[in-house]
Amino acid sequence: MTITQLKYVLAVAEHKNFTFAAEKCFVTQPTLSMQIQKIEEELGIQIFDRTKKPIQLTDIGQKIVNQAKNIVNEADRIQDIVDQQKGFIGGEFRLGIIPTIMPTLLPMFLNNFIKKYPKVKLIIEELNTDEIITKLKNGHLDAAIAATPLMEEKIKEIVLYFEPFVAYIPENNKNYHKKEIEVSDLNLEEILLLQDGHCFRDGILNLCKNVSKSEINHFQIESGSFETLIKLADEGLGITLLPYLHTLDIKDKDKAKLKHFVAPIPAREVSLIFPKTELKFQIVDALRSTISGIVRGAITFQNVEIISPLQKK
C-alpha cells in the first residue's frame, strides 16, 4: 500500500462518499475506488460498508483509518524535518481565525508577516471554534488563532496575548459617568450579546454569573456583529462589552463611552493552536513571534492583574 492510497481512504472516511472524496483528492472517482479496492484486496478485509448510505466504516476499517492518520502525519513530517534542517520557512499554510478576532488582529500582522516571510502562502479562513477544532483534527488546518483554553487532548496551545474586555456604555446609562467600572456594576439583562456560538459571548456569560439581573426584560437580541451591538447601544437599548483591540477603531466622539475595568481586569486568553504533531512548526513559530511582538505593543495591560472568564477551573 502507498501513502497516496491511505490518503484516499482518509478522504472517503471523512466525506462518506466516493465521489466527494475523489473531488477533494483531485482524481476521478473510478481511480480512487480502484486504489481503495486494491488496499482491501491486499489486506483481505473490507474497510468500508458500501451497502449503507452514507458509506460507513467497518469495525476493522475504523482501526485502519486511525492508523492511517498516524502514518500520513509521519510521512508529512519527513519533508517538515528537511525544511527545518534547511531553515526553510515557506510553503502553503492553512490558518483558521475565529470571527471575534479576525477583523482586528489580521490587519495588524498580515502585511508584516508576508513581507518578512514571502515564501509562505497563507490560506486564511474565518471559522468558529468548533469548526477550527474539527478541521485541525482532520488535517484541514495547520494552525488557528482562538480564545483558549480549549483543553483538547490532541491540540497544543501557545498563548499570544491577553485581551481585556472593555465596556461600551452610552450616555443614558447610570454607569456612563464612571471613569472605571467593576464587574459588579454590570447588569446581565442590559448587556447586548453576540449570538450563540461565539466564545466571546461565553466569556461574558461566565463573567456575569454572579452579577445582578433586572426583573424587566423588554427585549432580547443577539447579533453576530460588534458593530450592530454598538449601534443598538447608541440607540439607548443597552450596553455591550468589546475586546480591547476592537476599541482602537472607535470614533473619537464615542471614546468617552468606553469604560475600562478596575483590576482584576476581565480578559480573554488568545492563543495560537495547532496539532501536537507540530508539523510546519517553523511557520507556527514565525506567526507567534510576529503576532506577539505587534499586539503586545498595542495592549498596555500586560502587567495588570487580569481574570480569564474562559479559564477552566
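Considering only heavy atoms from C-beta on, L95 stays 4.5 Å or farther from L141 through its side chain. Within the 4.5 Å cutoff, side-chain heavy atoms of L272 are placed close to those of L287. For the pair N172/Y176, no side-chain contact is recorded, criterion being any heavy-atom separation below 4.5 Å from C-beta on. The shortest side-chain heavy-atom distance between L136 and I132 falls under the 4.5 Å cut-off. Taking 4.5 Å as the limit, some side-chain heavy atom of I64 sits within range of a side-chain heavy atom of I45. With contacts defined as side-chain heavy-atom distances shorter than 4.5 Å, the pair I181/H260 does not qualify. A heavy-atom distance below 4.5 Å is not found between the side chains of T247 and K255. The shortest distance between side-chain heavy atoms of T104 and L248 does not fall below 4.5 Å.
Listed for the T31 side chain is no donor-acceptor partner under 3.5 Å among the backbone atoms of V27. Between the side chain of S289 and the main chain of D285, no donor-acceptor pair closer than 3.5 Å is present. Remark: side-chain polar atoms of E157 are paired, donor with acceptor, to backbone N or O of L150 under 3.5 angstrom.
In this structure, V284 is a member of the same hydrophobic cluster as Y161, with clusters built from ILVMFWY side-chain heavy atoms closer than 4.5 Å. The cluster map of Ile, Leu, Val, Met, Phe, Trp and Tyr, joined by side-chain heavy atoms under 4.5 Å apart, puts M1 and V65 in the same cluster. There is no path of hydrophobic side-chain contacts, each under 4.5 Å, that joins V12 to M34. L105 and L110 fall within the same hydrophobic cluster, defined by Ile, Leu, Val, Met, Phe, Trp and Tyr side-chain heavy atoms under 4.5 Å apart, directly or through other members. Tracing side-chain contacts under 4.5 Å through hydrophobic residues (I, L, V, M, F, W, Y), one never reaches I81 starting from L279; they form parts of separate clusters.
Partners of E278 by side-chain hydrogen bond (donor to acceptor under 3.5 Å, both in side chains), not counting sequence neighbours, listed by chain and number: K156. Take N17 and apply the side-chain contact (heavy atoms from CB on, under 4.5 Å) test, not counting sequence neighbours, and it matches T19, F20. Under the side-chain hydrogen bond (donor to acceptor under 3.5 Å, both in side chains) criterion, Q35 pairs with Q5, not counting sequence neighbours. Applying the side-chain contact (heavy atoms from CB on, under 4.5 Å) test to P243 and every residue at least two apart in sequence or in another chain returns E163, F200, F226, H246, R268. K7 is linked by a side-chain contact (heavy atoms from CB on, under 4.5 Å) to I3, V72, D76, counting only residues two or more places apart in sequence or in another chain. The side-chain contact (heavy atoms from CB on, under 4.5 Å) search around T134 returns N138, not counting sequence neighbours.
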Next on the checklist: Set out, in order, the CA-CA distance, both residues' side-chain angles and the distance that settles side chain to side chain contact (heavy atoms under 4.5 Å, CB included) for E190 and N173, then state yes or no.
Outcome noted: CA-CA 10 Å; E190 68 178 1; N173 189 275; 3.2 Å; yes
Item to check | Evaluation steps, side chain to side chain contact (heavy atoms under 4.5 Å, CB included), between F274 and I158 | outcome: CA-CA 9 Å; F274 49 95; I158 297 178; 3.6 Å; yes
Checklist entry - V270 and I101: side chain to side chain contact (heavy atoms under 4.5 Å, CB included), yes or no, with the steps? => result CA-CA 9 Å; V270 176; I101 290 177; 3.7 Å; yes
Next on the checklist: One pair to check against side chain to side chain contact (heavy atoms under 4.5 Å, CB included): L242 and I230. What are the steps and the verdict?
Outcome noted: CA-CA 9 Å; L242 305 172; I230 289 171; 4.0 Å; yes
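With 3.5 Å as the limit, one finds no donor-acceptor pair spanning the side chains of T58 and Q46. Side-chain contact annotation: S33 with Q29, donor-acceptor N/O pair under 3.5 Å present. For N70 and E74, the side-chain atoms include no donor-acceptor pair closer than 3.5 Å. A donor atom on one side chain and an acceptor atom on the other are found under 3.5 Å apart for E14 and H140.
Open room surrounds NZ on K251; 12 or fewer heavy atoms of other groups in view lie less than 6.0 Å from it.
Closest of all the heavy-atom pairs between I283 and G90 is CD1-O, 3.5 Å. In terms of heavy-atom proximity, F261 sits nearest to F165 at CD1-O, 3.4 Å. Annotation for T100 and P103: closest pair C-CD, 4.4 Å, computed over non-hydrogen atoms. Smallest separation of non-hydrogen atoms from S271 and T148: OG-OG1, 2.7 Å. The minimum heavy-atom distance between N175 and D185, with the atom names listed, is ND2-O, 3.3 Å. Closest heavy-atom contact between A147 and I98: N-CD1, 3.7 Å.
Geometrically, K259 does not engage Y168 in a cation-pi contact, judged by NZ or CZ lying under 6.0 Å from the ring centre and within 45° of the ring axis.
For the atom pair NZ of K231 and CD of E227, the computed distance is 8.0 Å after rounding to the nearest 0.5 Å. Taken from CG in D142 to CD1 in I123, the straight-line distance is 8.5 Å, to the nearest 0.5 Å. The CG atom of L160 lies 4.5 Å from the OG atom of S292; values are rounded to the nearest 0.5 Å. Of the inter-residue distances, the one linking L241 atom CG with L229 atom CG reads 10.0 Å to the nearest 0.5 angstrom. With rounding to the nearest 0.5 angstrom, the NZ atom of K137 is 6.0 Å from the CD1 atom of I155. Here the straight-line distance linking atom CG of L32 with atom CD1 of I36 works out to 4.0 Å at 0.5 Å rounding.
I78 forms part of no hydrophobic cluster, judged by ILVMFWY side-chain heavy-atom separations under 4.5 Å.
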Run the side-chain donor-acceptor check on residues 111-120: report pairs under 3.5 Å with partners two or more places apart or on a different chain.
none

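Residue pairs meeting the salt bridge (Lys or Arg N to Asp or Glu O under 4.0 Å) criterion with at least one partner in residues 232-247, sequence neighbours excluded, are D234-K257. Applying the salt bridge (Lys or Arg N to Asp or Glu O under 4.0 Å) rule to pairs touching residues 15-26 yields nothing, sequence neighbours excluded. Residue pairs meeting the salt bridge (Lys or Arg N to Asp or Glu O under 4.0 Å) criterion with at least one partner in residues 34-46, sequence neighbours excluded, are E40-R50. Sorted by first and then second residue, the ring-ring contact (aromatic ring centres under 6.0 Å, His included) pairs with a member in residues 69-110 form an empty list; sequence neighbours excluded.
A salt bridge between E125 and K135 is present, with a side-chain N of the basic residue lying under 4.0 Å from a carboxylate O of the acidic one.
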